[in-house]
There are 2 protein chains.
Amino acid sequence: MGPNKILKPTEGELEILQVLWEKGDATVRDVHEELSRTKDIGYTTALKLLQIMYEKGLVTRDESAKSHIYKAAVSREKTQKQLVGKMINTLFAGSPGQLVMQALGNHQASSDELEQIQKLLDNLKKK
Amino acid sequence: MGPNKILKPTEGELEILQVLWEKGDATVRDVHEELSRTKDIGYTTALKLLQIMYEKGLVTRDESAKSHIYKAAVSREKTQKQLVGKMINTLFAGSPGQLVMQALGNHQASSDELEQIQKLLDNLKKK
DNA sequence: CCCATACTACGAATTTTATCGTAATAAATA
DNA sequence: TATTTATTACGATAAAATTCGTAGTATGGG
């Protein structure tokens, strides 16, 4: 029971979630300024998106001050898990390894990250 | 010069591309039958989607027979590269390693694949 | 207290995606 | 040859996502 529908953020909603995940919380102004750095977008457009996300339950907000303060209501990790799973299915025919190699092969990871991946890999190989 | 706009397949288009990549080529009927295995979809819906994809340049088709034969006009690899890159940016704050660990940690890869990944990793670490 | 400013709310228009019905046409078959 | 069947084309509708204008409201400075 309860409002646990599967929420699939749209493209635009993801951009906003990204901002909220980075900053922790943000006003419409904060979000709008951040989005403006990479694209042309009106203030009320950002506002409207946040309002819709609020209705959907993708964000929470504190209305006690005049400027509402928004927070992400879905975790980055959970969203990543959801979308990565979908991508593996629709784009890599169900093979996670193919995705991993695509990502590793085409995008440079730091040596720190490579070490972390190595450790995880060692663990997986043990089983 | 030339029609090299960035083509971003939609959800539904990706499902169809997946079928075309698997089969090499296919008629509308083939595609429709395949999609019907996992979802409710009308024949003319599949047809229309393929027609739209044709207009966009996502597929080519051979019209010499009554039943047109469609092929993907974009490669699986290129599409993967494009969408994985986007995902790294919008969902993993630009860090490919995070994506890799997400995928490895949450989805079981075969030991063959783990070996391949290991080799790739060794290579990357050398540099 | 009044005005300028900064917000939110709301509704409307647009664009994109998805879905399907109907008509026209060609092919197969009875 | 006449009829059924398979197929494409086209347009209409619906649903989802995006965008922004306008109006109303509160707040803070003068």
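So that the names make sense, note that chain A is the first sequence line, chain B the second, and so on, each numbered from 1.
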Subject >> For atom NZ of B:K56 and atom C1' of C:dT15, their distance in whole Å >> reply: 12 Å
Original post:
To the nearest Å, how far apart are B:H32 NE2 and D:dT7 C1'?
Top reply: 14 Å
Original post:
Once you round it to whole Å, what is the distance between C1' of C:dA9 and CD of A:Q51?
Top reply: 6 Å
**OP:** Indicate yes or no: at least one non-hydrogen side-chain atom of B:S95 is less than 4.5 angstrom from one of A:E113.
**Re:** yes
Subject >> Atom-to-atom span, CG of B:L50 to P of D:dC10 - whole angstrom >> reply: 16 Å
Subject >> Interatomic distance where CZ belongs to A:R29 and C1' belongs to C:dT8 [whole Å] >> reply: 12 Å
Original post:
Base, sugar-phosphate alone, or nothing: which one does A:T45 contact when heavy atoms must sit under 4.0 Å apart?
Top reply: base
Original post:
Within a strict 4.5 Å, meaning less than it, do heavy atoms of the B:Q116 and B:K119 side chains meet?
Top reply: no
Original post:
Within the side chain of B:E34, is there an N or O that forms a donor-acceptor pair under 3.5 Å with the backbone of B:I16?
Top reply: no
**OP:** Just call it for B:I52: base, sugar-phosphate, or nothing, with non-hydrogen atoms closer than 4.0 Å on any strand.
**Re:** nothing
Original post:
What is the distance, rounded to the nearest whole Å, between atom CD of A:E55 and atom P of C:dC10?
Top reply: 9 Å
Original post:
Think B:Y43 has a side-chain N or O under 4.0 angstrom from the OP1 or OP2 of D:dT8?
Top reply: yes
Original post:
Has the side chain of B:K66 got a donor or acceptor that lies under 3.5 Å from a partner of the other kind on the base of C:dA27?
Top reply: no
Original post:
A:K48 NZ to D:dA16 P: how many Å, rounded?
Top reply: 16 Å
**OP:** Provide the closest heavy-atom pair for B:G97 versus A:A109 in the form atom of the first, atom of the second, distance.
**Re:** N-CB, 4.3 Å
Original post:
For A:K125, does the NZ atom sit with more than 12 other heavy atoms under 6.0 Å from it, leaving out its own atoms?
Top reply: yes
**OP:** State which of C:dT8, D:dA17, C:dT17 makes the closest approach to the side chain of A:T10.
**Re:** D:dA17
**OP:** For A:T44, report the nucleic acid contact type (base, sugar-phosphate, nothing); a contact means any heavy atom under 4.0 Å.
**Re:** base
**OP:** Let me know the distance between NZ of A:K39 and C1' of D:dT18, rounded to the nearest Å.
**Re:** 9 Å
